[in-house]
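Here's the structure, in structure tokens; my notes come after.
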2 protein chains.
Amino acid sequence: MTDPMDAQETPAPLRALPSRLLSLVAMQADRLVSEGLARADARKWHYAALVALRESGPASQAELSRRTGIYRSDLVAVINELAERGFVERAPDPADRRRNVVTVTEQGRRHLRRLDKLIASLQDDLLAPLTQPEREQLTDFLGRLFEHLSRS
Amino acid sequence: MTDPMDAQETPAPLRALPSRLLSLVAMQADRLVSEGLARADARKWHYAALVALRESGPASQAELSRRTGIYRSDLVAVINELAERGFVERAPDPADRRRNVVTVTEQGRRHLRRLDKLIASLQDDLLAPLTQPEREQLTDFLGRLFEHLSRS
DNA sequence: CCGTTGCGTTAGTGGCACTAACGATGTAGG
DNA sequence: CCTACATCGTTAGTGCCACTAACGCAACGG
């Protein structure tokens, strides 16, 4: 597929345009992950929120928003859904009555463990064509690009 | 008034999850490219369509849809916009009256050349933190992932 | 002929990132 | 203390984009 001739001078053919490849791959990866999570009655935000809670303990919604990148307006629904299913509890913070403290329940922790496995296997499906060192390299590249882009 | 809470600073990467990094990077890359193109009164679909036309000559809309991945329902608007600006011409195909033949105009070719440069510089901004060999490697990785994902 | 398939087009759906505004509550400065 | 402002959770809404459905028309195959 890759024509060694088309290095730099002539405009990149559509097929090899990094930005395009990036969004194509991201789109399909997103679908893969979303469908996988849907089969476990979850969405990617559920996972993000639960992981954030596990990593740094109970937090206010605004705090969670900052950690996960989910907008605090959208977080409301996420917490609602997690609470409905009994995975988190939302309680007013006595120390600051503007806040809600969100806490993972034991059931939530169990659910999260299940999702961890699911996500890991989905990552594996996603990255199937790459060797382990290549996967690490890709992650490194993406990490650097993200760093760079979010500082603009 | 923009609430400073809503400005997403670097969402503390809760994890170096490839699928997550992928969509974060793709999102920002997309924004970068879209904003750049908007400054030239263009959208990414315009560019994709024009490139496809240059690469393989006049084509029907359905053909273009297949080549660019743009849904033929959305392609209608893209061709409309390009035609309004005088970059392409849409004419009924005498050989098959169901079809429209879309052809680039000279003005369209000039416009495309301008966009080529713009896109190239945007790719450069995007990939700034990577060395040239790293960029090629990233493109290779993404290409392989895309191949793999689109065969599922 | 007639059923199927491909064409361009219109309309609509659902999800997602993102913004705006509000009432309640906290904090800081004079 | 009072006033001004910031932050909290929440509701509502915007605009974009991938994607679907259905249409009338034309071509093709049996």
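The basis for the numbers below is simple: all heavy atoms, side chains too, and nothing from hydrogens, waters or symmetry mates. Convention: sequence-line order gives letters A, B, ...; per-chain numbering from 1.
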- Do the side chain of B/Arg98 and the base of C/dG8 come within less than 3.5 angstrom through a donor-acceptor pair of N or O atoms? no
- Message: If you define the side chain from C-beta out and look only at heavy atoms, does anything of A/Thr68 sit under 4.5 Å from A/Leu53?
- Response: no
- Query: Among D/dT10, C/dT10, C/dG6, which nucleotide sits nearest the side chain of B/Ser73?
  - Reply: C/dT10
- Message: By nearest heavy atom, map A/Ala95 and A/Arg43 onto DNA chain C; which one lands nearer the 5' end?
- Response: A/Arg43
- Within the pair B/Trp45 and D/dC16, is there a side-chain N or O less than 4.0 Å away from OP1 or OP2? no
- Name the nucleic acid region contacted by A/Asp93, choosing base, sugar-phosphate or nothing; use a 4.0 angstrom heavy-atom cut-off, strictly under. nothing
- Give the nucleotide from the list C/dG26, D/dA18, C/dC7 with an atom nearest to the side chain of A/Arg97. C/dG26
- Message: In whole Å, I'd like the distance from the CG atom of A/Asn80 to the C1' atom of D/dA12.
- Response: 15 Å
- Separation of atom CZ in A/Arg66 from atom C1' in D/dA6, rounded to whole Å: 12 Å
- Using a heavy-atom cut-off of under 4.0 Å over every strand shown, decide if A/Arg90 touches base, sugar-phosphate, or nothing. sugar-phosphate
- Message: Between B/Asp93 and B/Arg97, does any side-chain N to carboxylate O distance fall below 4.0 Å?
- Response: no
- Which listed nucleotide (C/dT9, D/dA18, D/dT10) is nearest to the side chain of B/Gln61? C/dT9
- Task: Quickly work out the A/Leu64 CG to D/dC8 C1' distance and round it to whole Å.
- Result: 13 Å
- Message: Go nucleotide by nucleotide along DNA chain D from the 5' end; which of A/Ser60 and A/Met27 gets its closest nucleotide reached first?
- Response: A/Ser60
- Taking atom C1' of C/dT5 as reference, at what distance in whole Å does atom CG of B/Asp96 sit? 12 Å
- Polar side-chain contact A/Asp74-C/dC18 base: donor and acceptor under 3.5 Å: yes
- Message: Distance check needed: C/dT27 C1' versus A/Arg99 CZ, whole Å only.
- Response: 12 Å
- Item | Cationic N near anionic O, under 4.0 Å, B/Asp124 to B/Arg135 | yes
- Under-4.0 Å salt bridge between B/Arg67 and B/Glu63: yes
- Message: So B/Leu130 and A/Arg144, do their side chains get closer than 4.5 Å, heavy atoms only?
- Response: yes
- Nearest-angstrom distance from the residue atom CD of A/Glu63 to P of D/dA6: 20 Å
- Query: In whole angstrom, what separates B/Ile79's CD1 from C/dT10's P?
  - Reply: 13 Å
- Specify the separation, in whole Å, of atom CZ of A/Arg72 and atom P of C/dC16. 20 Å
- Item | Presence of A/Tyr71 side-chain N/O under 4.0 Å of C/dC18 phosphate oxygens OP1/OP2 | yes
